[in-house]
Amino acid sequence: MLTTDRDIDRRITLGADSLEDAGWQVQIVAMPRDDGVDQDRRVHRLRAGRGGQRRERLVVDGYRVLRGLIGTNRQPMRAVKRLVLGHLMDPERFYDRLFWPEIAPEIGPDTGNLHPDVVVAHDLPVLAVAARCAEAAGAALVYDSHELYVEQELSPAEQRKWAAIERRYITRADAVTTVNASIAAELCSRYGLAGVHVISNAVPRAELAPGSRYFHRHFALADTQHVLLYQGALSAGRSLDVLVRAMAEVRTPVVLVLLGDGEMDSRLRRLVRRLRLQGRVHLHP
């Protein structure tokens, strides 16, 4: 499995768990972590660049520094990413030069622990290099589209580049998977695919625990009130401010709880106060 994640997406680890339960060996090749610590034995981190990777590694290290200073999803950081990948660098070549020098020596049948029977590209940035890896190893290629990547908040130049990459490589995949039926239908329509498999972001099957009334007690809510829960990072680019504003229009007995931490916390709290939604919207760390 190839991914540009630093913090490995839960979809990837659950997929790896399911494959191991079915008897497969799984290795996840990912970007370097900031702290260099991995609890998951399956994760293989790209190491310090050498040779053809040098310029790309400088970009990665510079991005890490900026991310620590101004946050991952704030407008200035998104502007930097648009400038670099939209105008200064070829994104296909960028990720190829990051991943390929590290993967290439170890994909042969007699050379190391990365020799694959199947290569999975987790989202569009690694699709081209995953196709190269699969071809070199004589392996099957699976493309797991976590989203309609091209439809994100990208500049027109970025959208054109990513759309061309997806169109060029998606038909090389032996199988394409995605998260829901609507994205599957769009990929089929957009690229003339015969079918896309839907694998939902489900939790491991388990007996349901009794329902918790924690939020009702913590926020002194009436028993008749329903809780709409957002659980995750309070990051820019997720339309959380839109979600808060929408609560002003809701007439049913529903309260919104935002459970998480992040750079949007103080901004969302100010928005709640300004709209006088203290009784309808609650933030919980």
Side-chain angles (χ1 to χ4, degrees), residues 5-11 14 34-35 63-83 85-86 123 145-156 158-159 178-183 185-186 200-204 206 208-285:
D5 288 354
R6 288 171 173 79
D7 296 316
I8 307 298
D9 192 291
R10 183 173 156 277
R11 175 177 178 83
L14 288 179
D34 289 349
D35 57 14
Y63 172 79
R64 185 186 305 174
V65 171
L66 283 174
R67 186 159 51 88
L69 292 173
I70 60 180
T72 304
N73 289 310
R74 290 184 182 275
Q75 187 60 39
M77 193 71 243
R78 295 204 298 270
V80 170
K81 290 167 67 176
R82 281 197 298 269
L83 175 64
L85 291 178
D123 235 344
S145 177
H146 291 198
E147 59 201 330
L148 287 174
Y149 192 91
V150 177
E151 305 304 327
Q152 297 182 93
E153 295 178 346
L154 304 174
S155 68
E158 281 182 291
Q159 287 182 325
T178 192
V179 298
N180 60 47
S182 61
I183 293 179
E186 179 60 26
S200 300
N201 287 333
V203 298
L208 288 176
S212 170
R213 307 296 286 177
Y214 171 80
F215 292 125
H216 289 77
R217 296 194 304 272
H218 187 78
F219 295 115
L221 306 177
D223 287 341
T224 55
Q225 286 182 299
H226 298 292
V227 173
L228 172 61
L229 176 64
Y230 168 85
Q231 181 174 342
L234 303 183
S235 300
R238 295 189 172 187
S239 298
L240 296 178
D241 54 337
V242 177
L243 182 58
V244 169
R245 289 191 181 94
M247 290 302 297
E249 310 299 326
V250 174
R251 298 291 174 255
T252 51
V254 176
V255 299
L256 170 64
V257 174
L258 300 170
L259 177 62
D261 302 288
E263 59 194 342
M264 290 286 289
D265 184 285
S266 58
R267 177 177 169 184
L268 291 172
R269 291 181 187 276
R270 289 196 299 270
L271 181 62
V272 169
R273 291 193 296 270
R274 181 163 59 82
L275 298 178
R276 298 181 181 178
L277 291 174
Q278 291 93 331
R280 306 295 306 279
V281 180
H282 302 280
L283 282 85
H284 192 301

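- The nearest pair of heavy atoms linking D9 to H146 is OD2-ND1, 4.1 Å.
- Although no hydrogens or angles enter the test, the distance criterion places a donor-acceptor pair under 3.5 Å between the side chain of T178 and the main chain of S145.
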- [ ] Please test V150 against L148 for side chain to side chain contact (heavy atoms under 4.5 Å, CB included), starting from the C-alpha separation and ending with a verdict.
- [x] CA-CA 6 Å; V150 177; L148 287 174; over 6 Å; no
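- In this structure a side-chain-to-backbone donor-acceptor pair under 3.5 Å is present from Q152 to Y149.
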Task: Residues R269, L258; criterion side chain to side chain contact (heavy atoms under 4.5 Å, CB included); working and verdict - done: CA-CA 10 Å; R269 291 181 187 276; L258 300 170; over 6 Å; no
TODO: Decide yes or no on side chain to side chain contact (heavy atoms under 4.5 Å, CB included) for V255 and F219, but give the supporting numbers first.
DONE: CA-CA 10 Å; V255 299; F219 295 115; over 6 Å; no
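- How far CZ of R11 is from CG of D5: 12.0 Å, rounded to the nearest 0.5 Å.
- With hydrogens and angles ignored, the 3.5 Å screen pairs no side-chain donor or acceptor of R267 with any backbone N or O of D241.
- Nearest heavy-atom pair across D223 and R213 is O-NH2, 3.2 Å.
- For H216 (side chain) and Q225 (main-chain N/O), a donor-acceptor pair under 3.5 Å exists by modelled atom type.
- For the atom pair L243 CG and L271 CG, the distance stands at 10.5 Å (nearest 0.5 Å).
- Among residues two or more places apart in sequence or in another chain, the ring pair (Phe, Tyr, Trp, His ring centres under 6.0 Å) test is passed with F215 by none.
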Only distances under 3.5 Å count here; give the side-chain donor-acceptor pairs of residues 272-285 to other protein atoms, sequence neighbours excluded, each with its distance to 0.1 Å.
| from | atom 1 | to | atom 2 | distance (Å) |
| --- | --- | --- | --- | --- |
| R280 | NE | V254 | O | 3.3 |
| R280 | NH1 | V250 | O | 3.2 |
| R280 | NH2 | V250 | O | 3.3 |
| R280 | NH2 | T252 | O | 3.4 |
| R280 | NH2 | V254 | O | 3.1 |
| H284 | NE2 | Y214 | OH | 2.8 |

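- M264 places none of its side-chain heavy atoms less than 4.5 Å from the side chain of S235.
- Contact annotation: the side chain of R270 approaches that of S266 to within less than 4.5 Å [non-hydrogen atoms, C-beta and beyond].
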